[in-house]
Amino acid sequence: MRSLSLVFIILVIGSVINAQNTDVVDIDSKVSQLISELTLEEKASLCSGRDDWSTQPVERLNIPWIWLADGPHGLRRAPATNKPGYGDQIPATCFPTASALAATWDLDLVYDVGVAIGEECQALGVNVLLGPGVNIKRSVLGGRNFEFFSEDPVLSGEIGAAFINGVQSQGVGTSLKHYVANNVETMRMYMNSDVDTRTLNEIYLVPFEIAVKKAQPWTIMACYNRVQGTYGTQSPYLLTEILKDKWGFEGIVISDWFAVVDRVKGIKSGMHIEMPGVNLVNDSLIVEAVKNGDLDEATLDELVKEILTIVIKAKSLDKENIDQNIVGHHKLARQVAAESITLLKNDNAVLPVNKKKYKNIAIIGEFAINPRYQGNGSSEVKPTQIDNVLDILEAEYGDGIRITYAQGYKLTDDNDFSLIEDAKKVASKADIAIIFAGLPLHYESEGIDRKHINMPASHNKLISEIASIQKNTAVILTNGSAVAMPWINEVDAVTEAWLGGQAGAGGVCDAIFGTVNPSGKLAETFPVKLEDTPSLFNFPGEEGNALYGERIFVGYRYYDERNIEPLFPFGHGLSYTTFEYSNISVSSETISDKDDLIVSVNVKNTGDVIGKEVVQLYINDKESTLTRPKNELKQFAKVELKPGEEKEINFILNSRDFSYFDSRRNLWIAESGEFTISAGSSSRDIRLTKTIKLQSTQNIPVAFDEYTFFKEYWDNKETRELLKEIVPNWIRGWTPKGKSLDEAEIPGFFSDHPMIKLPYISNGEITSEQVFELVEKSKNITFTP
Ligand code: BGC
């Protein structure tokens with residue numbers, strides 16, 4: 001297959017394109033030439049795939065096809081492009097899933113994972129990896145939460161960008177998915193994400209924006225769902241106005257598998273390739289639309305040009321004889337798993353396991369021999385090997401200690417408590433019980449949302465029962481998304497190990513024995529109960545509509561606003577050492593929206609062991625025209641410190657970090673006023689704050705129309721002048737004797753009406769013409785917010 005592709009590429013671009021160093025200009029001219037030679041039918045054919053996993057070639061012109069394969073936490077390559085790819089795919093390294101990757105908050109490490117997956121793609125002939133997924137975890141119930149990074153847009157976007165840059169550094173493209181507001185699995189082919197424009201721009205679009213601007217993914221995958229009533233595969237607002245025009249996306253858009261509804265509308269909106277390629281009906285609809293004048297051929301040409309650019313680039317970067325490096329990548333997978341381990345609770349320093357203190361260790365729970373390491377659905381990777389905790393412990397940590405094991409629960413029956421008594425016997429004879437529990441595979445899946453956040457009853461009961469007879473009890477959780485912990489006060493330690501991939505067991509052992517000091521932090525809030533969650537009343541949605549009623553208050557923004565104590569807050573994660581924050585300083589206490597602001601913070605390791613801390617920088621706008629969250633994460637940095645070591649961390653903020661999205665003006669606005677900048681170890685563990693003043697120089701339109709209230713026209717200095725000019729008699733009538741017009745006392749009755757109603761309210765004395773004259777004149781008026 002690879003050598004055949006190479007023949008294609010040599011024929012197509014020959015000396016024009018250097019295999020290593022793609023010359024953009026030459027690709028452009030080659031593409032223009034191909035466009036002139038392609039028939040209309042051939043052009044339409046290039047706008048859908050050839051089969052499940054490849055794009056359409058045009059052999060007559062030696063246009064090659066490229067291979068697309070899932071992602072995201074490892075490569076799921078089918079034996080052939082026309083095979084479904086479930087079950088018999090080629091083994092590849094299964095890295096920890098997205099929840100775990102995000103919990104590392106480590107952009108360099110995520111980049112390395114991208115590089116490794118990119119290498120495996122090259123080794124197995126894949127040109128584009130279908131991932132990463134940067135959809136926001138809007139609800140704890142989201143069936144695919146394990147496959148997405150975070151509830152926070154900045155964290156999701158930064159992790160996504162690092163991953164993309166890693167994969168693409170290997171000459172392999174990515175597909176950033178699922179664009180956009182794809183946050184529910186129920187009715188996923190039809191559900192309308194009923195999200196207001198401000199929320200869409202401030203929360204759901206942001207991770208895509210960051211990833212596009214920082215990493216330029218070769219492709220973006222348009223979602224199944226509708227957004228504001230329009231399918232993601234045919235939305236001019238999303239695909240053209242925002243993606244291309246605003247963000248400068250240079251790649252191509254492909255549809256999620258079977259996500260296309262109206263193909264011609266899709267072409268007009270900028271949706272390049274329909275996947276998978278089994279629907280020839282749509283190709284002929286494109287041809288027909290051009291022939292009957294409904295679709296301008298130039299629009300089609302533009303898309304085909306962009307498709308060919310990516311295809312030719314992809315083929316030119318194909319590498320020969322790349323080693324899949326499964327040994328090296330397994331090691332990396334273990335390192336990532338260890339870095340993602342999030343220590344949620346550790347009373348009495350029960351962890352790390354101290355071999356001098358704990359000679360008899362009870363390992364309880366079937367996950368210790370039969371690990372749950374990834375989620376269900378299209379992201380399922382066939383691993384190259386799977387480690388388990390018992391084997392790792394015996395091989396690497398067993399010296400000088402006695403390890404006993406009890407199954408504790410059955411993976412197949414959530415309510416079977418028959419194994420608990422055996423487990424108690426084992427635990428009662430040990431110095432410490434380490435329980436492996438969490439969510440079995442059928443609890444989290446693409447295509448299905450969760451109905452609750454409970455672990456199986458058998459797991460919960462097992463934990464309580466063991467804790468009742470063993471005072472040293474640590475729980476190690478395996479799950480891709482938040483769970484309730486009714487037993488939280490009964491155990492000393494809880495460690496979140498996520499879905500740790502094929503080498504997850506080694507990562508967990510390293511963390512609980514202290515070879516690696518845990519440094520993971522929650523990328524999602526763990527609520528006490530489902531009833532506390534932001535989208536409770538609007539998830540999954542009803543009658544095909546998912547109302548985003550919590551608006552911008554997603555994740556921790558909601559818990560903060562409502563003053564709800566979560567079980568574990570966003571950004572939380574303990575360490576075996578402690579960190580002290582000091583000396584927050586800013587480059588200037590007053591800035592304008594044109595300035596960058598440098599924020600510096602010192603962090604010191606005040607404990608006895610080496611450790612890593614994730615310093616999180618949050619912003620709060622003290623007073624704002626629009627409601628804003630109490631805390632918004634803007635930056636973060638992970639830093640490693642030896643005992644006693646101290647480092648200064650610098651963050652650079654710009655006006656966008658201080659801005660909100662104004663949907664009336666379709667604009668980001670950095671409003672003048674005071675902002676608090678906080679550095680914290682979690683969203684609820686703020687260590688230092690600093691207040692700065694922003695003096696905006698932005699000039700923004702008043703954006704008034706005939707529905708704007710009289711009061712708003714009056715309150716703005718310049719539109720007030722227009723009122724004085726256009727309806728002077730009225731203003732004069734309201735002005736007390738001897739006072740200036742500016743001191744007019746506008747009756748509340750007038751103030752509270754939109755201008756369009758004034759002719760009616762004034763009994764016709766203010767005319768419609770005067771109102772529209774005012775509206776027209778105010779269009780040119782701007783002000784500084
Ligand atoms: C999923 C995508 C996946 C595609 C191909 C779809 O059902 O939503 O994430 O990439 O299938 O497997």
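Model, not experiment: these values are computed from the prediction. Order of appearance sets the numbers: ligands from 1, and atoms from 1 within every ligand. The basis for the numbers below is simple: all heavy atoms, side chains too, and nothing from hydrogens, waters or symmetry mates.
- Listed by chain and number, the residues in a ring pair (Phe, Tyr, Trp, His ring centres under 6.0 Å) with Tyr224 amount to none (sequence neighbours excluded).
- Heavy-atom proximity to Trp53, at under 4.0 Å, picks out these atoms of ligand 1: 5 (C), 12 (O).
- Aromatic rings from Tyr558 and Phe553 are positioned such that their centres are separated by 6.0 Å or more.
- Ring pair Trp53/Trp65: centre-to-centre distance not below 6.0 Å.
- At a heavy-atom cutoff of 4.0 Å, ligand 1 is contacted by no atom of Phe258, backbone or side chain.
- Glu542 CD: 12 or fewer foreign heavy atoms inside a 6.0 Å radius.
- For ligand 1 and Ser378, the ligand atoms under 4.0 Å from any heavy atom of the residue are 1 (C), 2 (C), 3 (C), 9 (O), 12 (O).
- For ligand 1 and Arg76, the ligand atoms under 4.0 Å from any heavy atom of the residue are 12 (O).
- Contacts between Glu380 and ligand 1 below 4.0 angstrom, taking non-hydrogen atoms only, are absent altogether.
- The closest approach between a heavy atom of Tyr224 and any atom of ligand 1 is below 4.0 Å.
- Considering only residues two or more places apart in sequence or on other chains, Thr299 meets the side-chain hydrogen bond (donor to acceptor under 3.5 Å, both in side chains) condition with none of them.
- Side-chain atoms of Gln122 and Gln170 include no donor-acceptor pair closer than 3.5 Å.
- Within ligand 1, the atoms closer than 4.0 Å to a non-hydrogen atom of Lys177 are 2 (C), 3 (C), 9 (O), 10 (O), numbered from 1 in the order shown.
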* To do: Check the pair Phe570 / Phe526 against ring-ring contact (aromatic ring centres under 6.0 Å, His included), numbers first and verdict last.
  => CA-CA 7 Å; Phe570 175 82; Phe526 274 36; over 10 Å; no
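- The shortest N or O to N or O distance between Asp70 and ligand 1 is below 3.5 Å.
- Checked by distance only, ligand 1 and Glu147 stay at 3.5 Å or farther apart across all their nitrogen or oxygen atoms.
- A cation-pi geometry, defined here as NZ or CZ lying under 6.0 Å from the six-membered ring centre and within 45° of its normal, does not hold between Arg450 and Tyr443.
- For the pair Arg138 and Phe539, the cation-pi criterion (under 6.0 Å, within 45° of the ring axis) is not fulfilled.
- At least one N or O atom of His178, backbone or side chain, sits closer than 3.5 Å to an N or O atom of ligand 1.
- Contacts with ligand 1 closer than 4.0 Å are made by side-chain heavy atoms of Arg144 only, the backbone lying farther away.
- Residue Met275 does not touch ligand 1, judged by heavy-atom distances below 4.0 Å.
- Distances shorter than 4.0 angstrom occur between a heavy atom of Arg188 and an atom of ligand 1.
- Here is the list of ligand 1 atoms found below 4.0 Å of a heavy atom in Glu446: 1 (C), 6 (C), 7 (O), 8 (O).
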